[in-house]
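The block underneath contains the structure these notes are about, expressed in structure tokens.
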2 protein chains.
Amino acid sequence: MSTINPNPVPTETDEGVRRAPAVQGAVRLSQPLVETIEEEILTRQLKPGTRLDETELAQRFAVSRTPIREALIQLASAGLVELRPRRGALVAQVSPQRLMEMFDVMAELEAHCGRLAARRGTPEEQQALQAAHAECALAAEGDDPDRYFYLNERFHQALYRMSHNGFLTEQVLHLQRRLRPYRRLQLRVRQRVAHSFAEHQAIVEAVLAGDEVRAEAQLRNHIRIQGERFSDLVASL
Amino acid sequence: MSTINPNPVPTETDEGVRRAPAVQGAVRLSQPLVETIEEEILTRQLKPGTRLDETELAQRFAVSRTPIREALIQLASAGLVELRPRRGALVAQVSPQRLMEMFDVMAELEAHCGRLAARRGTPEEQQALQAAHAECALAAEGDDPDRYFYLNERFHQALYRMSHNGFLTEQVLHLQRRLRPYRRLQLRVRQRVAHSFAEHQAIVEAVLAGDEVRAEAQLRNHIRIQGERFSDLVASL
DNA sequence: GTCAAACATCTTGTATACAGGACTTGAGCA
DNA sequence: TGCTCAAGTCCTGTATACAAGATGTTTGAC
């Protein structure tokens, strides 16, 4: 019987789900379930097309089918799971074309973040952006793709916040998370880390200079490159 | 945007939700519930902040609490309902600032649709766009704001499809629906229908001419005006 | 040997039971 | 009179029971 993995994201689910059926502990059982299953889908431990049997999951997490069903519904709403009425749940298949469509939308949203960040960023946010950029520099020089990948996300998140548009930030964060496994492939490509960092440099300069047009263009291009690289990758298969 | 397949057949909800508990008709009871409650929230029959009591809803729709809970979870994922653990569900409050943020994102997504439509629209799609535009003309001349509102949505949807980006289309459709009650307020403003139609004219010309830059700019402006008007409306209160 | 229909089994969707947290109300106290 | 605390009630979250659709298998006919 497997328990729920400790989460990298700081949450207040202080304890695991290892509980006797009648004991009430966490506020909602389905929440950690959503996070765990989502993580496993995004990390490809659960592969697209995999059947998600409710009873099996219920046994695995030592809860009843009720919170499992609620978790699956939430995952379906996020697009990670396909729910076929009366026929069970599958890990959603994401076609290469759809991925490219998602990268396309991501590029536009990030570009808009860049424009707004250049226009609205406060001095503190500008400093935070530079700090995030400096951290990326260390990882890039140290030739540590995994660490760069993580810091790269932090860099972009600093930009999202600078947009001062909470809704936009939520949307683009969601897409960032959704596309993570595919973006991760990119950095394995030769020289990609170095190129990415150079692009960041141009972005930082444009944003700090308050150059909305350039910030927008640089970011659009920065994201779009990933979509194109991904497309090359797919085409080569 | 949810990947829950409601039905093998893309049919309307055959009728209301009033059914005897034991009658098996729809594939899932929660689906029509989601649609009904969503409709009532979007039409303001259920006002922001209203408590959504599970037992009460269960009685009203003559089902058990189980499908009600599943519906509420889906609505919460769509942002229409706020779920407070152990403390019940509320119709989500949308602050004026958040609405403006949503209009801002909407403007960018529609603008991108416009650009792609100008680049990729097929002759059939161009014809469909013109046809939708012509229908709007009739409603505008006839001074029928409600009908114009409906046809206006069809016009925009024709543009979304022209983008040939399914993910983008889903996202922007979702936002169109979400913002509907607030957009509806716009057309009551004096001369707004006439202005809107004039803007459509410019959009159609740009898209048909394949002028990506102009199509994008016209659409961004067309949507942004609504956000600004809304902001004026809020400020005047 | 192939196909189809009927049956058995599995799994989902819904109803209901039950436990525990949250809100309400009223009494005691300052 | 106002505040605090406690008991009672209500409602949510979870488990479980049950019904019916979906799937797989076996058997029978051609």
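Per chain, numbering begins at 1; letters A, B, ... match sequence-line order.
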Atom pair distance, as rounded to whole Å: [atom1] in [X] and [atom2] in [N]:
| X | N | atom1 | atom2 | result |
| --- | --- | --- | --- | --- |
| B:Leu52 | D:dC10 | CG | C1' | 17 Å |
| B:Arg69 | C:dA15 | CZ | P | 14 Å |
| B:Arg84 | C:dC23 | CZ | P | 7 Å |
| B:Glu70 | C:dA15 | CD | P | 10 Å |
| B:Arg65 | D:dT12 | CZ | P | 6 Å |
| B:Gln59 | C:dT16 | CD | P | 12 Å |
| A:Asp53 | C:dT9 | CG | P | 18 Å |
| A:Leu83 | C:dT14 | CG | P | 11 Å |

Looking only at side-chain atoms of [X], point me to the closest of [options].
| X | options | value |
| --- | --- | --- |
| B:Pro67 | D:dT12, C:dT14, D:dG21 | C:dT14 |
| A:Val63 | D:dA15, D:dG13, C:dA15 | D:dA15 |
| A:Glu54 | C:dT12, D:dG13, D:dT16 | C:dT12 |

Would you indicate, yes or no, if [N] has its OP1 or OP2 atom less than 4.0 angstrom from a side-chain nitrogen or oxygen of [X]?
| X | N | result |
| --- | --- | --- |
| A:Thr66 | D:dT14 | no |
| B:Arg87 | C:dC23 | yes |
| A:Arg51 | D:dA22 | no |

*With rounding to the nearest 0.5 Å, note down the distance linking CD1 in A:Ile223 to CZ in A:Phe103.*
8.5 Å

Could [X] and [Y] be called an ion pair, given the rule that one side-chain N must be under 4.0 Å from one carboxylate O?
| X | Y | value |
| --- | --- | --- |
| B:Glu153 | B:Arg183 | yes |
| A:Glu170 | B:Arg98 | yes |
| A:Glu108 | A:Arg220 | yes |
| A:Arg69 | A:Glu54 | yes |

